[in-house]
2 protein chains.
Amino acid sequence: MPSPTHRAQRRTDALSRERIVEAAVELLDTAGESGLTFRVLTERLATGAGAIYWHVANKGELLAAATDAVVAAALAPGGSQASPQEEIRAVALGLFDAIDDHPWLATQLSAQFSRSPWGAVTPRIFERIGRQVSALDVPQETWFTATSALVHYILGAAAQNAANAVSARELDPSVDRAGFLDAAATAWEELDPDDYPFTRAVAAQMRVHDDREQFLGGVDLVLTGIITR
Amino acid sequence: MPSPTHRAQRRTDALSRERIVEAAVELLDTAGESGLTFRVLTERLATGAGAIYWHVANKGELLAAATDAVVAAALAPGGSQASPQEEIRAVALGLFDAIDDHPWLATQLSAQFSRSPWGAVTPRIFERIGRQVSALDVPQETWFTATSALVHYILGAAAQNAANAVSARELDPSVDRAGFLDAAATAWEELDPDDYPFTRAVAAQMRVHDDREQFLGGVDLVLTGIITR
DNA sequence: ACCTGAACACCGTTCAAGT
DNA sequence: ACCTGAACACCGTTCAAGT
C-alpha cells in the first residue's frame, strides 16, 4: 500500500545508467556474480534488453560501473586529519569492509585491475593511499614501490578474507565463524607433516585469529617496511 | 612427416585428464581465457564433449587443474640452500615469471583464491613461502601475518604486471615496452592536478621503472617490515 | 532520443546410445 | 570403462521496428 509520498519517489521511473547500476549492485549482492544476468536485470527493471544496452555498452562495462560505484562510496568520507599511518589504516579498513559487504567486489577488483589497470577504480585507490605515503617522510624514489606494495596487500588480503567468509557461508550456513575457523584449522593440522610442516605449525594461530586485527597487522607490517628502508 | 619415433610418441593417444589439462593450458596461452571452450577443446582433442566430462567434472575444475599444473611447474625445483630471504625472492620471481608467461594465471590465481581458498594451489604457495619465513628468526606469532602479507603482495604485484603486459600488447602490438610505459606516464602526467597530485608526482618514476626490479623491491620492503617488527 | 522484444550465435552440460 | 554427438537450457548481444 504505497502512500502518495512513495509514489512520488517512484515517479522518476525512467531508465537511466544510474538505476541500472544500482539494480546490478543489488543483484550482485543477493545472487552473487553468476546471478547478474541481462534477463533478470531486464525483468527487475521491467524493460527490454535493448533498453539496457542503450545506457551501457556491455556486461563488462556494467560490472566496472558497479565496482566503481561501490568503491567510490567506500572511499568517500575520509574525515579527520589523522597521521598518514592512521589515514592509510582507515582507507584500508574501508575497503576491507566494503569487500566484506559485497563479496563479489574482490574478484571484480582484481579483474578490473587486470583488464584495464588504470581504468577508474584502481587510480582512485592508488591516489588515495599514495597521497598518505608521500606524507610519510620517506624518499620520493620509494613512493611508487611503497604505494604499490600497500595497494596489493590491501586488495589481496581483503579479497582472501571475503573468500573465506563466502565459502564459510556456502559450506554450511548453520556453522558460525568460530566453527568454520576451527574446522579449517583442524584440516590444516591433519595435513601431511612432511609436505606441510609450516601450515601445520601455523594452524593454531589461524584458529584464534581475528580477521580485521590480522588484516591491520599486515598493513602495519608493510608500513614498517616502508618507513624503515 | 612424422618419423616412427614421433609416431611412438603419439601412440599414447587415448584421452586422459593429463592430456586435457595440457590442451587447456595451450589454449589459454594462445587464445586467452575466453578462448578456452569445450567446443574448441573438443576439436583439438578430436573427441566429443562427453569424453571430456568423463575425465573432468566441469569447466571450473579444468581451470583449477590448469592453474595447478602451471604453478606446480613454477614452484618445482628450488635448487640451492640460499638464505631464507634469497629463497623467498627466488620463489617470488618464479611466480612472477610464470604469470608473465601465462597471463591468464593472474586472474585464475585470485579466482582460485576466492573460490576455494585452500583448494590446492594456494596452500602450496603459502607453505613454500611460510617455510622460509619460519627460518627468518622472527617470533612465531608473526609467521601467519607475515606469510600472508608476502603471498598477497607477490600475487597482487605479479598479476598487475601481467595485466600491464597484456593490455600493452592489446592496445598496440607494434609499440614496445618503453613506448607503452611512456604513453602511460604521459597519461598520468595529464591527470587533473587537484584530483591526482600523487599519481602525477610518481609518473616519471613509472616511466623508467623496470618491472622485475620494482617487483623485487616490493618483496624486500615487506621482508624488511617482517624482520624489523 | 529512448525503448521493445524477437532472433542470433554461442556457451556449458547432460544423456541415451554405442563400443 | 570410456567415448560419441545430438539435444537442452541459458547466455550476451544485435537490430528492425516502434514511440
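Bear in mind the structure is a predicted one, so any value in this text is a computation, not a measurement. Proteins get letters first, then strands, A, B, ... in listed order; numbering begins at 1 in each.
- When each of C/dG12, D/dT13, C/dC3 is scored by its nearest atom to the side-chain atoms of B/T37, the top-ranked nucleotide is C/dG12.
- Applying the 4.0 Å criterion to OP1 and OP2 of C/dC2, one finds that A/W54 has a side-chain N or O inside that range.
- In the set C/dT4, D/dT14, C/dG12, the nucleotide with an atom closest to the side chain of A/A49 is D/dT14.
- Rounded to an integer number of Å, the gap from CG of A/L63 to C1' of D/dT13 is 16 Å.
- If you measure from atom CG of A/L27 to atom P of D/dC11, you get 11 Å, rounded to the nearest angstrom.
- Picking from D/dC11, C/dT13, D/dT14 the nucleotide with the shortest atom distance to the side chain of B/K59 gives C/dT13.
- Look at CD on B/E61: it is 14 Å from C1' on C/dT13, rounded to the nearest Å.
- Across the strands present, D/dG18 finds its partner in C/dC2; the criterion is a Watson-Crick or G-U wobble pair with both atom distances under 3.5 angstrom.
- Here A/L45 lies out of heavy-atom contact (under 4.0 Å) with every strand.
- Between A/Y53 atom OH and D/dC11 atom P the separation is 12 Å, expressed in whole Å.
- Rounded to whole Å, the distance from CD1 on A/I52 to P on D/dT14 is 14 Å.
- Between A/T47 and C/dC3 there is no side-chain polar atom (N or O) within less than 4.0 angstrom of OP1 or OP2.
- Closest to the B/R39 side chain, of the nucleotides C/dT4, D/dT13, C/dC11, is C/dC11.
- Using cut-offs of 30° and 60° on the angle between ring planes, the pair B/Y153 and B/F215 is parallel.
- The aromatic ring centres of B/W188 and B/F198 sit 6.0 Å or more apart.
- Taking only side-chain nitrogens and oxygens, A/H55 never comes nearer than 4.0 Å to OP1 or OP2 of C/dA1.
- With contacts defined as side-chain heavy-atom distances shorter than 4.5 Å, the pair A/L27/A/T37 does not qualify.
- Checked for salt-bridge contact, A/R124 and A/D68 meet the test: a charged N lies under 4.0 Å from a carboxylate O.
- Rounded to a whole Å, the CZ atom of A/F38 is 18 Å from the P atom of C/dC10.
- A side-chain donor-acceptor contact under 3.5 Å links A/H209 to the backbone of A/M206.
- Under the Watson-Crick or G-U wobble criterion, with both distances below 3.5 Å, D/dG12 is paired with C/dC8.
- In this structure, A/L36 and B/G48 both approach DNA chain D, and ranking their closest nucleotides by distance from the 5' end singles out B/G48.
- As a whole-Å value, the separation of B/L41 CG from C/dC10 P is 18 Å.
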